[in-house]
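The first residue in the sequence is number 1, and the count goes up from there.
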Amino acid sequence: MAFARPKKREPVGEAGLFDYAVKTLARRMRTVRDLRQLMKTRAEEGEAGERAMDAVIVRLKELNYLSDTRFAEDYTRVRKEHEKFGKRRVQQELMMKGVGKELVASTLETAYEDVDEVTLARQYIARKRIKQPSGAEAQKETVRVMNRLMRAGFSSNAIFKVLKAWNLPEEAVVGMEESGVDSDSYAERQERTGDSDSYARQNEDSEE
């Protein structure tokens, strides 16, 4: 038995796009780029659709419904205060969402200005219930914890301070330093390729 193909959605004009955009933003804040990508699935093809989307975005900005600045500030606050992520992780995620590089830099500079990175890393460990490495597998566990902290956006310097404070066996600390990947390089690489467990892929809503 053949399955019927879903009917192709008819494109909508500016008014329909505006209504859709308002409903989308009511569910969750979006960046300009993300909203445009969503509207593109409903807009007419070609220049007519581009003009309609441009007009909707301008109107939404005028109504203060759409703001990359507000999005970046709110997103950063949640990721830092509630999720306890480091600066580099949030930087990568904001850029993946299409926030401009200069806006990302200024937002993070303000948000993390007075943050003690080591303290934040310890809060992340507590939140994720990461156990202190011990026993015969201490070295492997230490490297595993180090990698998790790098993915969470913390610098090598902060990670080493946190782990060394655990008074790990000497061989575990040596293994950590020899096996470690510098988190600055890691952040740059992930900015290009995207983190495998990125927030964007974990938490994107399926659109109607």
Tell me the closest heavy-atom pair linking Val99 and Val104, and the distance in Å.
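Here Val99 and Val104 meet closest at CG1-CG2, 3.6 Å.
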What are the two closest heavy atoms between Ala138 and Pro133, and how far apart are they?
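It is O-CB, 3.6 Å.
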CD1 of Ile57 to NZ of Lys61: how many Å apart, nearest 0.5 Å?
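The CD1 atom of Ile57 sits 7.0 Å away from the NZ atom of Lys61.
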Once rounded to the nearest 0.5 Å, what's the spacing between atom CZ of Arg33 and atom CG of Asp68?
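Answer rounded to 0.5 Å: 9.5 Å.
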Please lay out, stage by stage, how Val22 and Leu60 fare under the test side chain to side chain contact (heavy atoms under 4.5 Å, CB included).
CA-CA 8 Å; Val22 170; Leu60 291 170; 4.0 Å; yes
Side-chain donor-acceptor pairs under 3.5 Å in residues 109-116, sequence neighbours left out?
from   : atom 1 : to     : atom 2 : distance (Å)
Thr110 : OG1    : Ser106 : O      : 3.2
Tyr112 : OH     : Phe85  : O      : 2.8
Asp116 : OD1    : Val118 : N      : 3.0
Asp116 : OD1    : Thr119 : N      : 3.0
Asp116 : OD1    : Thr119 : OG1    : 3.4

For the hydrophobic clusters of this structure (ILVMFWY residues joined by side-chain heavy atoms under 4.5 Å, transitively), does one cluster hold both Tyr65 and Val58?
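Tyr65 and Val58: separate clusters.
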With the 4.5 Å side-chain cut-off for hydrophobic clustering, are Met29 and Val78 part of the same group?
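Different clusters: Met29 never reaches Val78 through Ile, Leu, Val, Met, Phe, Trp or Tyr contacts under 4.5 Å.
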Would one find more than 12 heavy atoms of other residues, nucleotides or ligands at under 6.0 Å from atom CZ of Arg59?
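Not more than 12 within 6.0 Å, no.
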Do Leu120 and Lys87 come close enough that some side-chain heavy atom pair is under 4.5 Å?
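Contact flag for Leu120/Lys87 side chains = no.
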Who pairs with Glu47 by salt bridge (charged side-chain N to carboxylate O under 4.0 Å, His left out), at least two apart in sequence or on another chain?
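By the salt bridge (charged side-chain N to carboxylate O under 4.0 Å, His left out) rule, Glu47 matches Arg51.
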Start with the C-alpha gap between Gln37 and Lys40, add the side-chain angles, then the distance that decides, and say whether side chain to side chain contact (heavy atoms under 4.5 Å, CB included) holds.
CA-CA 5 Å; Gln37 288 177 340; Lys40 200 167 186 176; 5.6 Å; no
